[in-house]
There are 2 protein chains.
Amino acid sequence: MAREKVGIRDVAKLAGVSPATVSRVLNRPELVAERLRDQVHRAMARLGYAPNALARGLRTRHTGVLGLIVPDIAHPFFAEVVRGVEDVASREGYRVFLCNTDENPDKEEKYVAELLNHRVEGIIFISSSNSRAQLTSSSDVPVVVVDRRVSLDDLHEVLCDDVLGGRLATEHLLSLEHRHLAFLGGPQVIPNNADRLRGCREALAQAQLALDQALVAEVLVRVEAGERATEQLLDTGRYFSALFAANDLLAIGAVRALRARGLEVPGDVSVVGYDDVWFAAHLSPPLTTVAQPKRELGERAMQRLLALVRGQAPPERLVRMLPALVVRQSTAPPRHK
Amino acid sequence: MAREKVGIRDVAKLAGVSPATVSRVLNRPELVAERLRDQVHRAMARLGYAPNALARGLRTRHTGVLGLIVPDIAHPFFAEVVRGVEDVASREGYRVFLCNTDENPDKEEKYVAELLNHRVEGIIFISSSNSRAQLTSSSDVPVVVVDRRVSLDDLHEVLCDDVLGGRLATEHLLSLEHRHLAFLGGPQVIPNNADRLRGCREALAQAQLALDQALVAEVLVRVEAGERATEQLLDTGRYFSALFAANDLLAIGAVRALRARGLEVPGDVSVVGYDDVWFAAHLSPPLTTVAQPKRELGERAMQRLLALVRGQAPPERLVRMLPALVVRQSTAPPRHK
DNA sequence: GCGTAGTCTGAAATCGTTTTCTTGCAGGTA
DNA sequence: TACCTGCAAGAAAACGATTTCAGACTACGC
């Protein structure tokens, strides 16, 4: 039976060969005669040998470990992305370190340093709003940025087109004959949020319309904040028949606030969200929203990272994915013209 | 500026000292004279030295790395637990490997082996239903099991009392004067689910009541499955004024199914869920449910694991946490006696 | 019988640290 | 002056693998 610390040399001794041979059996079995190979295998089994990834990594500088930096794994959007990331990593024989930053640049910095100490071969990075991401680009491990754009042109990025997403949502509303929209979005310092607003504006402009600036709200991405902001929107007294909440969490808050004021969704106000987190379909009313390919975002990012690690990086640094409108029941034509 | 592979010896050379001294500066600074200490620090800064955790781990067998095995990080319950785990790990200077098993024992096995190869110092384990968890107990790294009980008495466990949870939910319903309950739970092979049912039965028995066996459903934990099962419950024609869905996801499905049949919640049927995943409060109606201290579950588990790693394990192997009923608006007294 | 090519295998250096064991040296005492 | 103490710093041996290089052996052809 296995008892602690069996090394390659123990195996070697038992099999009556040199450590070098054992190593070869592990890595280039075709180089060693079949008879010896069997002996070695038997010895490994008998001793319960487990290769030491640390030693191997030290020697070969191939650690089989990657880093994953994410604002908050408990957020349903990120959770899904992470799942995609981990899936392909493990399928390809890599392990990943999970790091939650809570959008805190200091934590990001510390984590990056720590990951580098552990000699990760690459890093997947979902940057926080005010990230000092240059840190990562200075080191010489490959980095792939996902979801959150970072203005650093030596990084590879896997992004979803938020401008398009904003357009899709808005065009949907327009096609239902809505003419008076309100916009509720997350912090505009995060480019994604700004892009969604821009997409919204573009679509409106194309229809010769414009957003009433008083009906544009910017808040933290939390249900309560969405609720609060929606109340304020209503309090302006300005009329709107539809609300584009550029995040499902905000949309939930918005729906609650509207209901609390006795307004029906979509009867009085249509609401469209953004992200299509998994339970958006299970809200009441089921939420019309712009779906991002969350898991695929993660998968693609990891594929790209592995390509980079293996030196097969495609020259094109940007993978742009497309959002898709999912029409459910929180949107309908406005009640009266 | 930093350029690849600076090691302790490069620093030593630049600082005009021996590698040993540099190492001491890193680990036991008090042992080296202040003047040298400064020189070394300066040299490290100049070279952009980053310690190699692999080498250190190899030498000291203290890797600062832990493993976290979980069925699915994208599940809102686990995501929250994981957050707790990672938080205290990182606060204590440890990194964690994230592993998703999809409840697949083969994957569990592979992951455990892989983690051991990487010389993790401990493992947090949320076992899958039919796990062959003995694997982990055979190795000599500490293991802490969370949430899912495992019948292996050399493992430490951090669990939530599901029997009590079942009682709480049921007693709440009873206190509202419900007398006819239906039960909708996850696979009974998972002890947690069985316990919740048991708690339910116990509470009923105490009130001289019993569950109608025809109104006990067991399904996979998915919204759709809950929906389907609820329809079947209704199709039995048996009367029930309240439904205990021993999982929030099932509860969501149940509510949908009830509504689809024209039944009001809680007007016609009260529904109580289990877990209190974060959006349970944002459903309509806001879901009455049994809350588990999810994040704390993870935190306690990690604290225990670290204690184990540091050899300060308390003798008591079991940490039992308490669920709490959260009354919201999906439950009410039955309409007519 | 000898040179040569071709297979396998082993010896030993190496990866970057930590740590034990020594040694050098300063200072205090007899 | 000689001796002991004690401290600070260095030399060198690990940790457990991989890999280069060279050696042993076989087989073959002339």
Side-chain angles (χ1 to χ4, degrees), chain A residues 2-41 43-44 47-65 113-114 116-121 140, chain B residues 2-41 43-44 47-65 113-114 116-121 140:
Chain A
R3 210 59 283 145
E4 270 288 25
K5 37 184 76 181
V6 280
I8 211 182
R9 39 204 323 144
D10 303 298
V11 175
K13 200 173 307 168
L14 179 58
V17 301
S18 81
T21 301
V22 176
S23 173
R24 275 189 279 260
V25 169
L26 254 28
N27 305 302
R28 322 267 312 272
E30 71 277 11
L31 292 186
V32 26
E34 195 174 320
R35 212 174 47 84
L36 286 195
R37 217 186 305 161
D38 289 355
Q39 281 180 44
V40 170
H41 277 132
M44 294 200 300
L47 296 177
Y49 168 75
N52 185 323
L54 268 55
R56 190 209 297 270
L58 176 59
R59 181 64 234 254
T60 62
R61 38 206 11 144
H62 164 72
T63 55
V65 176
E114 200 58 40
L116 293 178
N117 287 351
H118 281 278
R119 298 305 189 261
V120 296
E121 297 184 56
D140 11 35
Chain B
R3 211 56 288 141
E4 271 286 28
K5 38 185 76 183
V6 279
I8 211 180
R9 40 203 323 145
D10 303 297
V11 175
K13 202 173 307 168
L14 180 58
V17 301
S18 80
T21 301
V22 177
S23 172
R24 276 189 277 260
V25 170
L26 255 27
N27 304 302
R28 322 268 311 272
E30 71 277 11
L31 292 187
V32 27
E34 195 174 321
R35 214 175 45 84
L36 287 195
R37 219 185 304 163
D38 289 355
Q39 280 181 45
V40 170
H41 278 133
M44 295 199 301
L47 296 177
Y49 168 75
N52 185 321
L54 270 52
R56 189 207 296 269
L58 176 59
R59 181 64 233 256
T60 63
R61 37 204 11 142
H62 165 72
T63 55
V65 176
E114 200 59 40
L116 294 178
N117 287 351
H118 282 278
R119 298 305 189 260
V120 296
E121 296 184 56
D140 12 33

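- Take the nearest nucleotide of DNA chain D for A/Leu54 and for B/Ala20: the residue whose nucleotide is more 5' is B/Ala20.
- When the P atom of D/dG16 is taken as reference, atom CG of A/Asp10 falls 8 Å away, rounded to whole Å.
- Panel note: side chain A/Glu121, backbone A/Thr63; a donor-acceptor pair is recorded below 3.5 Å.
- Put simply, the side chain of B/Arg61 and the base of D/dG16 share no donor and acceptor less than 3.5 Å apart.
- Under a 3.5 Å cut-off, the side chain of B/Ser23 and the backbone N or O of B/Pro19 do not form any donor-acceptor pair.
- Checked by distance alone, B/Arg24 brings a side-chain donor or acceptor within 3.5 Å of a matching partner on the base of D/dG10.
- As a whole-Å value, the separation of A/Asn27 CG from D/dT19 C1' is 10 Å.
- Within the 4.0 Å cut-off from OP1 or OP2 of C/dT18, at least one side-chain nitrogen or oxygen of B/Arg56 is found.
- Within the 3.5 Å criterion, the main-chain N or O of A/Leu116 finds a donor-acceptor partner in the side chain of A/Arg119.
- Contact check, B/Ser18 against D/dA11: no side-chain N or O comes under 4.0 Å of OP1 or OP2.
- In this structure, the separation between CG on A/Asn52 and CG on B/Leu54 is 9.0 Å, given to the nearest 0.5 Å.
- If you check every strand for non-hydrogen atoms under 4.0 Å, A/Thr60 touches sugar and phosphate atoms only.
- Atom CD1 of B/Ile8 and atom P of C/dC15 are 14 Å apart (whole Å).
- Heavy atoms of B/Val22 sit nowhere under 4.0 angstrom from any nucleic acid atom.
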